[in-house]
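Positions are given from 1 along the sequence.
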Amino acid sequence: QVQLVESGGGLVQAGGSLRLSCAASGLTFSRHVMGWFRQAPGKEREFVAALSWSGGSTSYADSVKGRFTISRDNAKNMVYLQMNSLKPEDTAVYYCAAVRNVLVITEARVYNYWGQGTQVTVSS
């Protein structure tokens, strides 16, 4: 049984930082592309960042480039999202997702496994 469990969300002021973590179990973690998505109230789920199984290839949404960094530790089955210079428009529920693939994928519909999400709220 595959499980993805996010943690690290919370309330932060604009300009602040948060580090999200996602613990994966029940899958061959090192063979899965890992992604972060987010969904704000009244909006569709959107891509944030993704990382290849080796960590050698990444992709970011334009809105977070230069502010967010995705990383993974295959020995610990963990993926992280370091979020700096946070803005109120980053407020959303953030989801960790996984798909067995070689190339980085940005489309949510392709991902097989999803976590329950963690709330990030950025106050102005």
Next item on the list: Name all pairs fulfilling the salt bridge (charged side-chain N to carboxylate O under 4.0 Å, His left out) condition that reach into residues 92-115, sequence neighbours left out, sorted by first residue then second.
Entry: none

Next item on the list: Could you pull out all residues at least two apart from Tyr111 that satisfy ring-ring contact (aromatic ring centres under 6.0 Å, His included)?
Entry: Phe37

Which heavy atom in [X] sits nearest to a heavy atom in [Y], and how many Å separate them?
X     : Y      : value
Phe29 : Ala24  : CD1-CB, 3.6 Å
Ala40 : Ala92  : N-CB, 3.8 Å
Gly9  : Thr118 : N-OG1, 3.2 Å

Next item on the list: Could you tell me whether a side-chain N or O of Thr121 sits under 3.5 Å from a main-chain N or O of Leu11, the two making a donor and an acceptor?
Entry: no

Notebook entry, point to check: Under the 3.5 angstrom rule, does the side chain of Glu6 hit a backbone N or O of Gln116 as a donor-acceptor pair?
Noted result: yes

Next item on the list: Please list, chain by chain and in numerical order, all residues satisfying salt bridge (charged side-chain N to carboxylate O under 4.0 Å, His left out) with Lys43, sequence neighbours excluded.
Entry: none

Margin query: Side-chain heavy atoms nearer than 4.5 Å, only ILVMFWY residues, links allowed to pass through others: does that put Val64 and Leu18 together?
Written below: yes

Margin query: Considering only residues two or more places apart or on different chains, which pairs with a residue in residues 19-34 satisfy side chain to side chain donor-acceptor pair (under 3.5 Å)?
Written below: none

Check: Which side chain to side chain donor-acceptor pair (under 3.5 Å) pairs, counting each pair once, include a residue from residues 81-98, with sequence neighbours left out?
Finding: Ser17-Asn84, Arg38-Asp90, Arg38-Tyr94, Arg67-Asp90, Gln82-Asn84

Taking the side chain as everything from C-beta on, heavy atoms only, tell me whether [X] gets closer than 4.5 Å to [Y].
X      : Y     : answer
Val104 : Leu51 : no
Tyr113 : Met34 : no
Ile70  : Tyr60 : yes

Margin query: Suppose the criterion is disulfide bond (SG atoms under 2.5 Å apart): which pairs have a residue in residues 7-109, not counting sequence neighbours?
Written below: Cys22-Cys96

